[in-house]
Amino acid sequence: MSSASRITSVDEVPEETTFLFRVQPVDGDEQKEAILVRDDEGIISWLNYCQHYTHIKLDKGSGAELRNGEVVCTNHGAYFEVDSGRCSFGPCEGAFLNEIDIEVEDGEVYLVDVDYEFVGIGEIETADDDLGSKSNYKF
Ligand code: FES
């Protein structure tokens with residue numbers, strides 16, 4: 001556990017939605033978003049991208065929608081089983097979300113995936129977001 005990075009505490013992972021964080025692939029690919037979500041066994045982590053259009057985020061910054069133990073992509077209504085990541089319904093039925101390896105110890109959630117490094121919590125900020133927040137402010 002010494003090389004693992006703490007993501008958050010178990011208490012911070014919501015019951016009804018997802019917890020968003022950022023990871024950096026060690027292969028040099030661009031930064032990605034991931035989610036923590038509760039299942040019957042505890043907490044599991046997936047990359048935050050639908051398998052229909054893989055640039056579409058499941059958690060768009062305020063938590064993904066959960067229905068009956070499944071994460072819903074609100075773009076075209078795909079359902080992903082929380083515990084397996086399998087799309088059970090929708091345009092990408094049968095596809096799987098990409099799992100991120102985490103561990104829970106003493107009430108804390110750690111990233112232990114050798115393919116990713118922890119960057120921080122919350123969504124990836126883009127230049128578009130910056131422009132958007134400033135353009136609403138006029139003098
Ligand atoms: S982009 Fe997710 S269902 Fe189409």
Side-chain angles (χ1 to χ4, degrees):
M1 188 64 72
S2 60
S3 64
S5 296
R6 177 186 176 277
I7 301 170
T8 188
S9 64
V10 170
D11 291 345
E12 293 297 317
V13 181
E15 301 275 350
E16 305 292 334
T17 185
T18 51
F19 182 97
L20 187 60
F21 66 103
R22 306 184 300 280
V23 291
Q24 176 64 54
V26 296
D27 67 5
D29 201 0
E30 63 188 21
Q31 202 178 113
K32 298 194 182 313
E33 292 182 3
I35 53 174
L36 299 175
V37 59
R38 292 179 181 268
D39 69 3
D40 292 340
E41 310 278 306
I43 293 175
I44 196 161
S45 182
W46 307 104
L47 284 182
N48 185 32
Y49 305 98
C50 185
Q51 293 299 300
H52 180 211
Y53 293 136
T54 54
H55 65 287
I56 297 294
K57 299 175 184 181
L58 300 169
D59 181 335
K60 294 174 167 49
S62 54
E65 193 167 325
L66 295 186
R67 276 188 223 151
N68 300 324
E70 299 191 275
V71 180
V72 182
C73 176
T74 54
N75 277 56
H76 309 105
Y79 281 60
F80 297 92
E81 296 166 351
V82 161
D83 52 356
S84 70
R86 180 181 159 274
C87 179
S88 64
F89 175 82
C92 49
E93 190 171 334
F96 285 83
L97 298 176
N98 299 110
E99 187 168 5
I100 301 281
D101 293 334
I102 57 159
E103 280 183 18
V104 175
E105 191 173 299
D106 297 332
E108 306 290 330
V109 185
Y110 294 90
L111 178 70
V112 296
D113 199 309
V114 295
D115 294 326
Y116 297 96
E117 291 174 352
F118 179 65
V119 176
I121 62 172
E123 61 188 322
I124 296 171
E125 289 187 17
T126 65
D128 289 349
D129 291 341
D130 292 344
L131 283 175
S133 62
K134 284 181 187 134
S135 65
N136 288 336
Y137 210 89
K138 293 198 167 74
F139 289 97

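Computed from a prediction, not measured in an experiment: that's the story for all the values here. Atoms within a ligand are numbered from 1 in the order they appear, just like the ligands themselves.
Sorted by chain and number, the residues within 4.0 Å of ligand 1 by heavy atom are Cys50, His52, Tyr53, Ile56, Cys73, Asn75, His76, Ala78, Pro91.
For Arg86, the side-chain contact (heavy atoms from CB on, under 4.5 Å) partners are Glu81, Ser84, Ser88, Phe96, not counting sequence neighbours. With sequence neighbours excluded, the residues satisfying salt bridge (Lys or Arg N to Asp or Glu O under 4.0 Å) with Glu108 are Arg6.
Linking Ile, Leu, Val, Met, Phe, Trp and Tyr residues whenever their side-chain heavy atoms come within less than 4.5 Å leaves Val23 and Ile35 in two separate clusters.
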Review item, side-chain donor-acceptor pairs of residues 113-121, under 3.5 Å, at least two apart:
from	atom 1	to	atom 2	distance (Å)
Asp113	OD1	Asp115	N	2.9
Asp113	OD2	Asp101	N	2.9

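Looking at heavy atoms from C-beta onward, Val10 lies in side-chain contact with Val109 at the 4.5 angstrom threshold. Side chains of Cys50 and Asn75 form no contact here, defined as non-hydrogen atoms less than 4.5 Å apart.
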